Structure formats: structure tokens, C-alpha cells
2 protein chains.
Amino acid sequence: MNEQDFLAAYDPNAYPAVAVTADVVALTIRDGALHLLLIRRGAQPYAGHWALPGGFVRPDEDLATGARRELAEETGLGGEPLRRVHVEQLASYGAPDRDPRMRIVSVAHLAFAPDLPDPAAGTDAEAAAWVPVAELASRQLAFDHRRIVDDGLERARAKLEYTPLATRFLPPEFTIGDLRGVYETVWGHPLHPGNFHRKVLSVPGFVESTGTSTERGGSRGGPRARLYRAGDARLLHPALLRPAKEETAR
Amino acid sequence: MNEQDFLAAYDPNAYPAVAVTADVVALTIRDGALHLLLIRRGAQPYAGHWALPGGFVRPDEDLATGARRELAEETGLGGEPLRRVHVEQLASYGAPDRDPRMRIVSVAHLAFAPDLPDPAAGTDAEAAAWVPVAELASRQLAFDHRRIVDDGLERARAKLEYTPLATRFLPPEFTIGDLRGVYETVWGHPLHPGNFHRKVLSVPGFVESTGTSTERGGSRGGPRARLYRAGDARLLHPALLRPAKEETAR
DNA sequence: TCAATAGTGTCTGTTAGACAGTATCGC
DNA sequence: GCGATACTGTCTAACAGACACTATTGA
């Protein structure tokens, strides 16, 4: 049998049904706090529970495309603002009993977004909201989404160390202080302003000067700060390491 | 409708058929060279082509379990030797046209193994072999497996920097020189023996002394080396950074 | 004896981090 | 003026990398 005959005779339904979803851990910074996009499920199962935005991958779309589409549907975002959102694959979750309906493998994605407008509830969702990550401890999430969120947060913290993705939380032009705010928010530690400043400027390709400065000083005083935009580096050398990981890694 | 009624009425076949496979990028070191486990496909599609070991995930097994099972089937490995193989998820690949049969999402895994015996051809495979990574350039791989292998190799190189997984390529007891050989093989650079030695011993939890030494010196002379086993660290602090990444990252 | 390796000591350039100091702003 | 911030200078401890040296082994 040649390949053509083989394909003609092939029955896709001969195998047990599996479904694949693209779910998104979408992070943004609002009011100086890290926020996660959650939806309240309107349909079974876990109706009424908070969950990650996501849904079944369509037959003609790539996994990342599916994740972007789901994100767009939940946030009402499109065009240039959506293009500025960074989306990458996080990991896949496929425990046999993770969904009571059937075998569902979730390909989770991680998204970094600048401060976005409040989301509008989409098709399957009763509600959608940016939820402060600090409040997650007191909420119950559907499926194994707690685990996915934890993995996503850890990935985000790690990615800030060796990639310039912190700039994806900011508008196209930003100050070094703004950038430091992103690191402090995601890592949860205050950083030394002077050392951070020098370090950022010393990493080639991390930021590039716009030649301009802010119109006004900070809200609490201080000189006008110079404005920068993201540079062309895709990895930071040397990396900005998180302080004091301690020996907890062992 | 409550959740129970909903589930009873749920039809898993109402959605377009998707299949999920677990594929494995299995690496080992033989004769001082990095090798990859490949099989020659005996069935359509891509019959006769070399491909990664893998197959459909069974209804009752987790993704990682499926990857381990496929690896065991191809290598004939089991029991304690199989337990010593490190398997982790790499990434998922789901381009709509990556498999001509139907929509197949491959959850790729990465495996680090000590020197293993030659594999035996399994059920679907005409042949199976450890192939030197250096020879991959001249071989054509099925599906998008070239891309998966490239991603796996880059992940492996990066993982050696900040995890103690290099020890997974070695027997339970090894010398610092053995460990250096792993790094040199995977990274493709010679390392400074003296500095490497001191660095490894300075990282807490990377290796621990067995109190014993090798019975004989090296095959080309030299004193007997002290033996170590893997320590309890899961991350290396500080990391062993690759030398000279240059500015290629930009 | 010779070549190769294990393991240690030492030096230097670089860097992270602490601290200080000046200039500029909002209030 | 006062407090806060932007940005720069300086010092120190830690570290990577280069080099050197001794001791021990196989051939």
C-alpha cells in the first residue's frame, strides 16, 4: 500500500476521542500589582468557578494561534494592542482525569501584556476580570488550573532574569524606573534603584534610548527621567539574577 | 441541568478528531559523543524514514507515563535502569498539517540516560539505533522531528547550566573528570579542568563524596580520581554558565 | 622516563551589591 | 524648603578564568 492509498483508508475516529484546548495564563500589571486574567465559567463542568481563559483548538489553527484567539475573545483585544502581547507556550497538562467530560489535553500558554482594559465576558464566560495574583490564594480554580497558574508564575519570574520580556508589561516608551517597577512587582522584592539602573544600561540590547525624557517628574517629585524603548536583544547577557534564592532550591 | 446530567449527555465524539502522541528526544553519551535515539518507521506515513520514538497516549496514562512507556518499548529497558533515566516534558507541537493522517498534537519529552544498550526494534519500528548527534545533519527526519530535536538539544544544553542533570548521563558513581566530559560533550567546548573541578565542588548539593577512589588511573595515565555521586540539589547556585555565548543571542 | 591526569594554589579582570553624593523635580 | 527620585561615582567581596605547580599513575 502506498502512502496515498493509506491516507485514503485512514479513519481518524478509530482512536479514542481526545480533545486539545489552548489555555492562557495572561499576566499584566495594574496599579503596581501583578494581575491574572480569569473568567467565571458559565457552562458545565465547574460552572460558576473561576478558570483560565481558553478553549478547544480549531482544526485549522496552530496551538499558539488558538491561544491568541482565546485571549482576544476574552479581552476584546485586537490589532496593534494584541500584537504587543507576548504569547509563548508554557506546558501541556494531560492527566487522564483532569476533566470529567473526556480526555482533554490542555496546552497552556503564558502571555505578558501591557496594562489592558477591563475584559468583557465572552461566549462561554459569565464574567471575566483581571484578578490580583495576591488574591488567588483565597479563590478556588477549576480543573488543575491552580497548578498551571503556579507554573506560569514561576516561568514568568524566571523569564525576567534572562530575557527582556519585562518590557512587554510596559508601553512602547518607558523609564528605567518603570522597568524596575515591573521586576519588583513580578519578583516581589524591592531592588536597589542605583544598581538596577546601571545594570540595565550595561546589558547590550536590553533597552535603547529614545533621546527624550518624561514631560514631568514623578508624582512624588524627582527629576524628569529619560525614556527608553525595548532593544533588539532576545536574551540578556549577563542575566539579571533574582536576589536571595536561598537554598530553597534543594 | 446539573453536572451529573450534563456529563451523562456529553458526547466526546461531537468534536473533530484529534490525536495526542508522546514523543521522546532521548539523549545519551556513548564513546564520548552525544547520541540520540531514533527509530526507522515501518508503517505509513513516512515509512522508511528515521523518526523520534513515540506513539499515541493511551486513555488511562499520563503524558509523562506515555513517554516513559514508549521509551521502554524502544529500548527494552525496565526496572532500575529505566528509573535512572530522567524524563521531562519539552514542548507540544501541533501545527495543523504536521501529520498527513489527521490532526495530531505531539507532546515531546526530553530524556537523559546513562549509556544504554543498543535498542531493539519495537512494534512499529523497522529498526532503532543510537545515532550520533553530529550525524543528524545528513539524515532526513520524519514529520517536524528535526525541529523537535533542535529544541531538545538546546534545552539540554541550557539545563546543564542550572540543574545537576549532567549526572543523569553517568553511572551512580563518577569522577569529576567524567562529569566534565558530559559538559564538554553536550556543549561542544573543551572546559578548563582545574577551574571546572573547583567550581563543581563549590556548588552546594551538586555532588557528594563517596569516600572512595577509582581502582586504576585513567587509560592514558594520571592518578586515581575520587568518586562522587549526585547530590541532593535540584538547581545549581550559582549556575555553571556556558562560556562565550557571544552576541549571537541578539 | 615520559606523558597525561587529579587536585590545589594564586593572580587578575569583572561583576554584584552596598553606600554615598549631586542634581532635579513636585508639593 | 522638604522629600522623593534620577543618575553617577566608589568601594568591597565574590567569582570566572588563566596559569602554574605538585603528586600520581599507565605505558
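Order of the sequence lines sets the chain letters (A, B, ...), proteins ahead of strands, with each chain counted from 1. Heavy atoms only: backbone and side chains are in, while hydrogens, waters and symmetry mates are out. Fair warning: this is a prediction, and the values are worked out from it, not measured in the lab.
Residues in residues 162-179 of chain A take part in these side chain to side chain donor-acceptor pair (under 3.5 Å) pairs, two or more places apart or across chains: T175(A)-D178(A). For residues 196-212 of chain B, the pairs satisfying salt bridge (Lys or Arg N to Asp or Glu O under 4.0 Å) are E208(B)-R229(B), with sequence neighbours left out.
With sequence neighbours excluded, the residues satisfying side-chain contact (heavy atoms from CB on, under 4.5 Å) with R30(B) are T28(B), H35(B), D115(B), D118(B), W130(B). For T75(B), the side-chain contact (heavy atoms from CB on, under 4.5 Å) partners are L37(B), L71(B), L77(B), not counting sequence neighbours. Every residue meeting the side-chain contact (heavy atoms from CB on, under 4.5 Å) condition with A67(A), not counting sequence neighbours, appears here in chain and number order: A22(A), V24(A), V87(A), H109(A). Scanning for ring pair (Phe, Tyr, Trp, His ring centres under 6.0 Å) contacts around H145(A) gives F143(A), with sequence neighbours left out. For E184(B), the side-chain contact (heavy atoms from CB on, under 4.5 Å) criterion is met by R180(B), P190(B), L191(B), not counting sequence neighbours. With sequence neighbours left out, R220(A) forms a salt bridge (charged side-chain N to carboxylate O under 4.0 Å, His left out) with no residue at all. In this structure, F174(A) has no ring pair (Phe, Tyr, Trp, His ring centres under 6.0 Å) partners at least two apart in sequence or on a different chain.
The interatomic distance linking L236(A) (CG) with dT15(C) (P) rounds to 15 Å, in whole Å. The CZ atom of R180(B) sits 14 Å away from the P atom of dA4(C) (whole-angstrom rounding). Summarising the geometry, the separation between CZ on F196(B) and P on dT8(C) is reported as 15 Å, rounded to the nearest angstrom. Regarding I176(A), its CD1 atom lies at a distance of 19 Å from the P atom of dT24(C), rounded to whole Å. The distance from atom CG of L191(B) to atom C1' of dT5(C) is 16 Å, rounded to the nearest whole Å. For H237(A) and dT14(C), the NE2 to P distance is 18 Å, given to the nearest whole Å. Rounded to whole angstrom, the span from the CG atom of L241(A) across to the C1' atom of dA16(C) amounts to 9 Å.
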Taking N or O atoms only and anything under 3.5 Å, show me the protein contacts with nucleotides 8-10 of chain D, one pair per line.
from    : atom 1 : to      : atom 2 : distance (Å)
dG9(D)  : O6     : R198(A) : NH2    : 3.3
dT10(D) : O4     : R198(A) : NH1    : 3.2

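Checking D23(B) against Y93(B) by side-chain atom types alone, no donor-acceptor pair falls below 3.5 Å.
The pair R146(B)-D150(B) does not count as a salt bridge, with every side-chain nitrogen at least 4.0 angstrom from each carboxylate oxygen.
Considering only side-chain N and O atoms, K199(B) lies under 4.0 angstrom from the phosphate OP1 or OP2 of dA16(D).
Between the two ends of the helix from dT1(C)-dA27(D) to dC27(C)-dG1(D), each summarised by a five-pair axis, the helix axis turns through 20° (rounded to 10 degrees).
Contacts with DNA chain D (heavy atom under 4.0 Å) in residues 213-225 of chain A: R220(A), G221(A), G222(A), P223(A), A225(A), listed by number.
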